[in-house]
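Structure first, commentary second.
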Amino acid sequence: MVEIAQVFNNNSALVNLGDNRQAIVKGKGIAFKKTKGGQVDSSKVENIFYLNTKSSQENLYFLLKDIPIDVVTTTYEIIDYAKKEFNYNILDYVYITLSDHIFGSYQRLLANTYQESLIPDMSDQYPTEYLIASHGLDVINHNLRVHFPESEIKSIALHFINAKGEESTAGDLKEDTTKEINDIVTTILNKNKIYRMDGNGNYFDRFMIHLQYLAGRLDNEDSEDRDFSDKLESEMRKEYPRSSKIAKEIYSNLQEKLGTNLSSNELLYFIIHIQRLTQEKTTK
C-alpha cells in the first residue's frame, strides 16, 4: 500500500514512495473514492511511472496545468516503453514536447482540422525511433479512443530523434550560460514584438524550458542526420516563413555569441516554438 499525494481521476493518482520519491500509478478504479493521504491498493496497479528526479516531478506539475491527465499518462506510457524495451536514453524535456504534441493533435482531430504530417519518412535511418513511435500510436489510439493515420508515426518519431541523449545533471545546466541564452532569445523576441501574454503563456514557458535544457546540451556529441534536418527545415520554411526567419535569427545569434555549433535539430524546434507563440497560419 502506498500513500496518495494527489488524485487525478478514478483511474490514476500521484503517490509518495518515500525518500521524496513519487510515481504516477494507473489502474481501473485505483483511485475511486480516494483522497490525498489515502492508500492505494497495489494489486490494482496496471502501470507505474516513476518520477525519480526533481526535474521529472517539476515537468509533471507543469504539464498538469493545461494538459489532461489521460494525455499525460499516455505520454509517460510511450516513453516508459522506449526506456524498457529499447534501453532508450532520452532527455526529460520530451515529456513536455511529446505531451504538447499529442494534445494538440488530439484537439485538431476532434475539430476536424487535423492535417497529416509533411515530415519525410526516415524510418530506414531511424528504425528504433519508428518502432517506438509505431507502438506509441497504438497506445494513443487505444487510450484516447481515437484513430490517427499511420503518418502520425513520423511526428512521434521526431520527438524521440530530437530528444535522444543522456540527461544532464543540475550542475551541467550552467546557470551563466542559461542566462546568456535567455537574454539573447528574449532580445530577439522583443524586437519582433513577441511577448509573454495570457494567450501564449504556456507556449512561452515551454520555450523557456527548452532553452534551459539547451545549455546542458551544448557539449553533447552531434549525431544528427543532416539530410533529415534539411528536408524538414525546408518544409517548415515554406509553411511558416515568418516563424522560420525569427528562429533562424535566434539560431545564428546563439551560435555566434556562444561560440558553438548548434545542432540543426535545434533550429527545427525553434521554428515550432516560434510558430506556437505567434500562431502563424500555414501557407498551404
Side-chain angles (χ1 to χ4, degrees), residues 55 59 62 90-94 96-98 100-101 118-119 158-159 161-283:
S55 64
N59 285 344
F62 182 81
I90 195 162
L91 300 173
D92 267 356
Y93 77 88
V94 76
I96 293 174
T97 60
L98 185 56
D100 186 54
H101 169 77
L118 297 172
I119 298 171
L158 177 63
H159 288 273
I161 293 168
N162 282 325
K164 185 176 183 179
E166 295 284 352
E167 191 61 59
S168 298
T169 63
D172 291 332
L173 289 180
K174 308 173 184 175
E175 289 185 9
D176 290 344
T177 303
T178 299
K179 183 179 184 306
E180 187 177 3
I181 290 172
N182 287 343
D183 288 345
I184 292 168
V185 172
T186 301
T187 297
I188 295 173
L189 291 179
N190 289 343
K191 186 182 76 173
N192 287 277
K193 295 181 170 52
I194 301 174
Y195 310 103
R196 190 188 189 283
M197 300 179 291
D198 289 343
N200 70 0
N202 289 323
Y203 291 137
F204 197 96
D205 293 343
R206 287 193 179 95
F207 192 18
M208 292 302 108
I209 287 176
H210 180 86
L211 295 175
Q212 175 187 335
Y213 280 99
L214 174 60
R217 294 197 301 274
L218 291 178
D219 298 327
N220 284 359
E221 182 179 350
D222 185 5
S223 59
E224 68 178 11
D225 187 307
R226 187 76 203 193
D227 183 52
F228 175 84
S229 298
D230 287 347
K231 285 181 180 178
L232 184 53
E233 182 193 343
S234 177
E235 290 290 346
M236 297 185 74
R237 194 167 56 245
K238 292 174 186 175
E239 281 200 82
Y240 308 112
R242 179 171 180 256
S243 299
S244 297
K245 182 176 180 295
I246 296 170
K248 186 72 173 179
E249 184 178 0
I250 291 173
Y251 181 77
S252 299
N253 271 264
L254 287 175
Q255 290 192 115
E256 178 184 348
K257 294 179 180 179
L258 296 177
T260 188
N261 291 319
L262 296 179
S263 160
S264 59
N265 288 338
E266 294 296 343
L267 175 58
L268 303 179
Y269 265 113
F270 290 169
I271 297 172
I272 292 170
H273 282 295
I274 298 300
Q275 185 274 326
R276 287 170 175 165
L277 286 173
T278 62
Q279 295 297 299
E280 180 181 9
K281 304 297 183 185
T282 179
T283 60

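- Summarising the geometry, atom CD1 belonging to Ile246 is positioned 9.0 Å from atom NZ belonging to Lys191; distances are rounded to the nearest 0.5 Å.
- At least one side-chain heavy atom of Arg242 sits under 4.5 Å from a side-chain heavy atom of Asn192.
- Between Leu189 and Tyr195, the closest side-chain pair of non-hydrogen atoms is not below 4.5 Å.
- Nearest heavy atoms, Lys257 versus Ile184: CB-CD1, 3.8 Å.
- Note that the OG atom of Ser244 and the CD atom of Glu239 stand 9.0 Å from one another [nearest 0.5 Å].
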**Asked** Hey, mind stepping through Lys245 and Tyr240 against side chain to side chain contact (heavy atoms under 4.5 Å, CB included) and telling me if it holds?
**Response** CA-CA 9 Å; Lys245 182 176 180 295; Tyr240 308 112; over 6 Å; no

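- Between the side chain of Asn253 and the backbone N or O of Glu249, at least one donor-acceptor pair lies under 3.5 Å.
- At a threshold of 4.5 Å between non-hydrogen side-chain atoms, the residues Asp183 and Thr186 do not count as touching.
- Of all the heavy atoms in Thr278 and Ser243, the pair that sits closest is OG1-OG, 3.5 Å.
- If you take CD1 on Ile250 and CD1 on Ile188, they are separated by 5.0 Å, rounding to the nearest 0.5 Å.
- Taking the six-membered ring for Trp and thresholds of 30 and 60 degrees, Phe270 and Phe207 have ring planes more than 60 degrees apart, a perpendicular arrangement.
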**Item:** Trace of the side chain to side chain contact (heavy atoms under 4.5 Å, CB included) decision for Arg276 with Asp100
**Value:** CA-CA 11 Å; Arg276 287 170 175 165; Asp100 186 54; 2.8 Å; yes

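- Side chain of Tyr251 to main chain of Leu262: a donor-acceptor pair is present (N/O by atom type, distance under 3.5 Å, no hydrogens or angles).
- Between the CD atom in Glu266 and the CG atom in Leu211 there is a gap of 9.0 Å [rounded to 0.5 Å].
- Separation of atoms CG (Leu258) and CD1 (Ile181) is listed at 5.5 Å; rounding is to 0.5 Å.
- Not a single salt bridge (charged side-chain N to carboxylate O under 4.0 Å, His left out) links Lys193 to another residue, sequence neighbours left out.
- Here the CG atom belonging to Leu277 is positioned 12.0 Å from the CD1 atom belonging to Ile272, to the nearest 0.5 angstrom.
- In the displayed structure, Gln279 atom CD is contacted under 6.0 Å by more than 12 heavy atoms of other residues, nucleotides or ligands.
- With sequence neighbours excluded, the residues satisfying salt bridge (charged side-chain N to carboxylate O under 4.0 Å, His left out) with Arg196 are Asp205.
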